[in-house]
Every structure is written in structure tokens, then in C-alpha cells.
Amino acid sequence: MASAARQRLDYWLLYCLFLLARPLPRPLLLAVGRGLGRLVHSVFRFRRGIVEDNLRQALAGTGEAGHTAAIAAAFYRHLGMTLMEFLAFPRLDHRQVVDLVDIQGQENLDAVLARGQGGLLVSGHFGNWEMLGARIAASGNKIHFVVKSQANAQVDAIQNDIRRRVGVGILRTDSGVKEMVKALRRGEFIAMLADQDAGKDGLFLDFLGRPASVFRGPAYLAWKLKCPLITGHILRQPGGRHLAVIEEPVFPEADWDEETAVLRLSEIHVKRLAAAVRKTPDHYYWLHRRWKTRPPEEFS
């Protein structure tokens, strides 16, 4: 856990960026974000070794393998823009979000709602994932992010307040599934980012050519609650716009047992995220130690 002094510093840095972001016109906001990304990449070199190592291994054998350094630099610029956009959310109303983000696959959300229930939206740290939730909310859909409480309570409060201002509800991971069940029964969407290392108890699946530990929770909940699992991601477009892509929902089969359901549903959402990452690698959050936990068979 970070020291109290470090937590205060993190809070004040974020708060100062928040104050800076609000009045900036959008072109300047994005320019500041790109500049911030260049600074972190070239001067502070924050986790740059991890980013470049992840890219080298994930892109090995592909046409992008020789462009690791350029993709890493583009990733940091993208991340800077994503941060500044997120901090500027409070000045956007739903109409402005709709104008900023085109959506492909709204019919997939509608098909789920037509069944009289909600759905479980599984995505990853790809593109401006916060904007994806804001766009779904701006369409008139109720959506809640499942989030883990951060050690830095002040940073946690800022982030979740910003999310609520664009219509995204918050459900804590430590509050159990009771509230999730209620939301699904009301015909609302629950969104999870399911691409972090799940430790030794995770399900090991191929992700970008290497076994990665995957959380079982999203697939288990879809099976247990008999609700569809939906995948989606968001892409930057020219002119500072975005495209939200909602993919076809997957419905657990009635004859699947728990093990089968968790494996098959997890395979689907992992493969769909990997396909998006391969197409636009600078959009993925390479700062994660995604492959930190190794499968047991590697040590046998």
C-alpha cells in the first residue's frame, strides 16, 4: 500500500488535472493528453520496460512485431488522451456524449432488453473504456460498473463521482452479488473489466499467444443468473471521435454445467478482446502485468 504522503500526492496531481481539463476546448484537451503521454513515456519512463516487453511477446510473429517502440509511444499518447477525456466528463451531458460517440451494435443491447432482463457486459482496459459506459448510459440504458475499492479513498471518490455524473452507476466488488441480481432483474446492464491477472485460482486461457490467468466470475455469473454475456469495446476515430462496438450477446446453454459454462463463456470474451487488441494494439492497457501468474504445468 502506498504511504499516506504518496496517496496525498496522487490525489492532488489528479485533482489539478481535473481542474485543468474542465475548461479546455476539446482539441486542446486532447493535445494536452498527448503531451502528458509523451512526458510519461519519454521522461518519466513509467513502466516503459513492462509495456515494451508485453508488446514484444504479444506481437511476436505478427506484422506488428517490428514496431514495438512506436506502438508503445502511441499507447502512452492514447492513455494521456483517455485520462484527460475522463476528467472532462462532468461538462458533458447525454446529448454531447451521443454526438461524440457513434455506436455499432445497439441492436444487440436492444435484443437483450427485449427479453425483459438485463445483461452482463464484459470488456477490457481497451480504448477509452470509461467512454464506452458513458455512451451506453447516454442511450437511455441503465448501466453499472463493478469496481474495486481503491486504497486511496480520495482518488476513488473522484473517479466514481465522475462516473456517476455521466449516468454510470457503481457497484462494489466487495458488496456481493445481491445488488447485481437486483439490477439485472430491473433490466439493467452490469459492466465488468475482466482482463487483469486473476492469480493462481484463475482459469488459464490463451490471450495473445500466451496462457493468461482469467477471472472466472463474469462467466460464472452469466451462467448462474441465466443472463446473456455481452462483449464490447471502443475505438478512437479521426477528429477526436469514438466508435463504440457492441458485439453479439452469448446466452448460456441450458444443458451446460458450471465448468462447461465458465470455460466456454470465458473463451469467448477473451478471444473477442484479443481480436480487438491485435487490430489496434496501441489502444490496450499494456501497463498491466497481464501474464504474471503462470499455469501450474509450466513448473511440473
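Position 1 is the first residue of the sequence; numbering continues from there. The model shown is predicted, which means the values in this text are computed figures rather than measured ones.
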Notebook entry, point to check: Taking atom types as modelled and ignoring hydrogens, do the side chains of Q237 and H242 form a donor-acceptor contact shorter than 3.5 angstrom?
Noted result: no

Notebook entry, point to check: Checking salt bridge (charged side-chain N to carboxylate O under 4.0 Å, His left out) for the pair R290/D195: CA distance, chi angles, key distance, verdict?
Noted result: CA-CA 8 Å; R290 183 63 189 91; D195 62 328; 5.7 Å; no

Note to self: Can you tell me how far apart CD (E130) and CD1 (I162) are? Round to the nearest 0.5 Å.
What the structure shows: 8.5 Å

Note to self: Tell me if a side-chain donor or acceptor on R163 pairs with a main-chain N or O of H144 at a distance below 3.5 Å.
What the structure shows: no

Next item on the list: Determine whether the side chains of N54 and Y284 contain a donor N or O and an acceptor N or O closer than 3.5 Å.
Entry: no

Next item on the list: Taking atom CD of E259 as the centre, report whether more than 12 heavy atoms of other residues, nucleotides or ligands fall under 6.0 Å from it.
Entry: no

Notebook entry, point to check: At their closest point, which heavy atom of H269 faces which heavy atom of V214, and how far apart are they?
Noted result: CE1-CG1, 4.0 Å

Check: Looking at CD1 of I136 and CD1 of I103, how far apart are the two atoms once the value is rounded to the nearest 0.5 Å?
Finding: 6.0 Å

Margin query: Using the side-chain hydrogen bond (donor to acceptor under 3.5 Å, both in side chains) definition, which of the options T280, N128, T82 pairs with R236?
Written below: T82

Next item on the list: Would you please test L273 and S123 for side chain to side chain contact (heavy atoms under 4.5 Å, CB included) and show each step?
Entry: CA-CA 7 Å; L273 176 60; S123 189; 5.7 Å; no

Please list, one pair per line, the donor and acceptor atoms closer than 3.5 Å that link side chains of residues 19-41 to other protein atoms, with sequence neighbours excluded.
unit_1 : atom_1 : unit_2 : atom_2 : d
R26    : NE     : G240   : O      : 3.3
R26    : NH2    : E85    : OE2    : 2.4
R26    : NH2    : G240   : O      : 2.8

Next item on the list: Please round to the nearest 0.5 Å and tell me the distance separating atom CD1 of I246 and atom CG of L121.
Entry: 6.0 Å

Margin query: Rounded at 0.5 Å granularity, tell me how far CZ in R186 sits from CD in E188.
Written below: 4.0 Å

Check: Is a donor on one side and an acceptor on the other found under 3.5 Å between the side chain of Y76 and the backbone of I71?
Finding: no

Next item on the list: Search all heavy atoms of L120 against all heavy atoms of P218 and return the closest pair with its distance.
Entry: CD2-O, 3.0 Å

Which donor-acceptor pairs under 3.5 Å do side chains of residues 146-154 form with protein atoms, sequence neighbours excluded?
unit_1 : atom_1 : unit_2 : atom_2 : d
S149   : OG     : R172   : NH1    : 3.2
Q150   : NE2    : Q159   : OE1    : 2.2
N152   : OD1    : Q154   : N      : 3.3
N152   : OD1    : V155   : N      : 3.3
N152   : ND2    : Q7     : O      : 2.8

Check: To the nearest 0.5 Å, what is the distance between CZ (F86) and CG (L17)?
Finding: 12.5 Å

Next item on the list: Please indicate whether E248 has more than 12 foreign heavy atoms, meaning atoms of other residues, nucleotides or ligands, lying under 6.0 Å from its CD.
Entry: no

Check: Can you check salt bridge (charged side-chain N to carboxylate O under 4.0 Å, His left out) on K182 and E179, steps first, answer last?
Finding: CA-CA 5 Å; K182 289 181 180 179; E179 294 304 316; 3.5 Å; yes

Next item on the list: Please check if any side-chain donor atom of R135 sits under 3.5 Å from a side-chain acceptor atom of S139, or the reverse.
Entry: yes

Next item on the list: Given side chain to side chain contact (heavy atoms under 4.5 Å, CB included), test F189 with V112 step by step and report yes or no.
Entry: CA-CA 10 Å; F189 292 101; V112 170; 4.0 Å; yes

Notebook entry, point to check: For the residue pair A72 and V51, what are the closest heavy atoms and their distance?
Noted result: CB-CG1, 4.0 Å

Check: What heavy-atom pair brings L265 and P252 nearest, and what distance separates the two atoms?
Finding: CD1-CG, 4.1 Å

Check: Which atom names give the shortest non-hydrogen contact between G187 and L113, and what distance separates them?
Finding: O-CD2, 3.2 Å

Notebook entry, point to check: Same cluster for F89 and L14 if Ile/Leu/Val/Met/Phe/Trp/Tyr side chains link at under 4.5 Å?
Noted result: yes

Next item on the list: State whether the number of non-hydrogen atoms from other residues, nucleotides or ligands found under 6.0 Å of R91 atom CZ is greater than 12.
Entry: yes

Notebook entry, point to check: Is it true that E52 and R48 have a side-chain N and a carboxylate O under 4.0 angstrom from each other?
Noted result: yes

Margin query: Less than 3.5 Å apart, any donor N or O on the side chain of D197 or T293 sitting next to an acceptor on the other?
Written below: yes

Next item on the list: Check step by step if side chain to side chain contact (heavy atoms under 4.5 Å, CB included) holds for L171 and F145.
Entry: CA-CA 6 Å; L171 294 175; F145 280 4; over 6 Å; no

Next item on the list: Classify the ring geometry between Y285 and F75 as parallel (under 30°), tilted (30 to 60°) or perpendicular (over 60°).
Entry: perpendicular

Checklist line | side-chain hydrogen bond (donor to acceptor under 3.5 Å, both in side chains) partners of Q106, counting only residues at least two apart | finding: D110

Notebook entry, point to check: Shortest non-hydrogen contact from F251 to R115?
Noted result: CE2-NE, 3.3 Å

Note to self: Check for me, please, whether I170 and M192 land in the same ILVMFWY cluster - side-chain distances under 4.5 Å, paths through other members count.
What the structure shows: no

Notebook entry, point to check: Should the heavy atoms of other residues, nucleotides or ligands under 6.0 Å from CZ of R164 be counted, would the total exceed 12?
Noted result: yes

Note to self: Are W291 and L59 linked, directly or through intermediate hydrophobic residues, by side-chain heavy-atom contacts shorter than 4.5 Å (ILVMFWY only)?
What the structure shows: yes

Next item on the list: Any pair with a residue in residues 8-34 that passes ring pair (Phe, Tyr, Trp, His ring centres under 6.0 Å), sequence neighbours left out, goes on the list, sorted by first then second residue, please.
Entry: Y11-Y15, W12-Y15

Next item on the list: Using the rule that two of Ile, Leu, Val, Met, Phe, Trp, Tyr join whenever any of their side-chain heavy atoms come within less than 4.5 Å, decide whether M81 and F126 are in one cluster.
Entry: no

Check: How many angstroms lie between atom OG1 of T260 and atom CG of D255, to the nearest 0.5 angstrom?
Finding: 8.5 Å

Notebook entry, point to check: According to the side-chain hydrogen bond (donor to acceptor under 3.5 Å, both in side chains) rule, which pairs have a member within residues 207-220, sequence neighbours left out?
Noted result: Q57-R210

Note to self: With a 4.5 Å cut-off on side-chain heavy-atom distances among I, L, V, M, F, W and Y, is there a chain of contacts connecting L92 to L87?
What the structure shows: yes

Next item on the list: Just do the side chain to side chain contact (heavy atoms under 4.5 Å, CB included) check on L208 and V277 with the steps written out, would you?
Entry: CA-CA 8 Å; L208 300 173; V277 174; 3.9 Å; yes

For residues 222-235, which side-chain N or O atoms pair as donor and acceptor with protein atoms under 3.5 Å away, sequence neighbours left out?
unit_1 : atom_1 : unit_2 : atom_2 : d
W223   : NE1    : W256   : O      : 3.1
T231   : OG1    : E247   : OE1    : 2.6
T231   : OG1    : R272   : NH1    : 2.8

Notebook entry, point to check: Is there a donor-acceptor contact under 3.5 Å from the side chain of N160 to the main chain of D156?
Noted result: yes

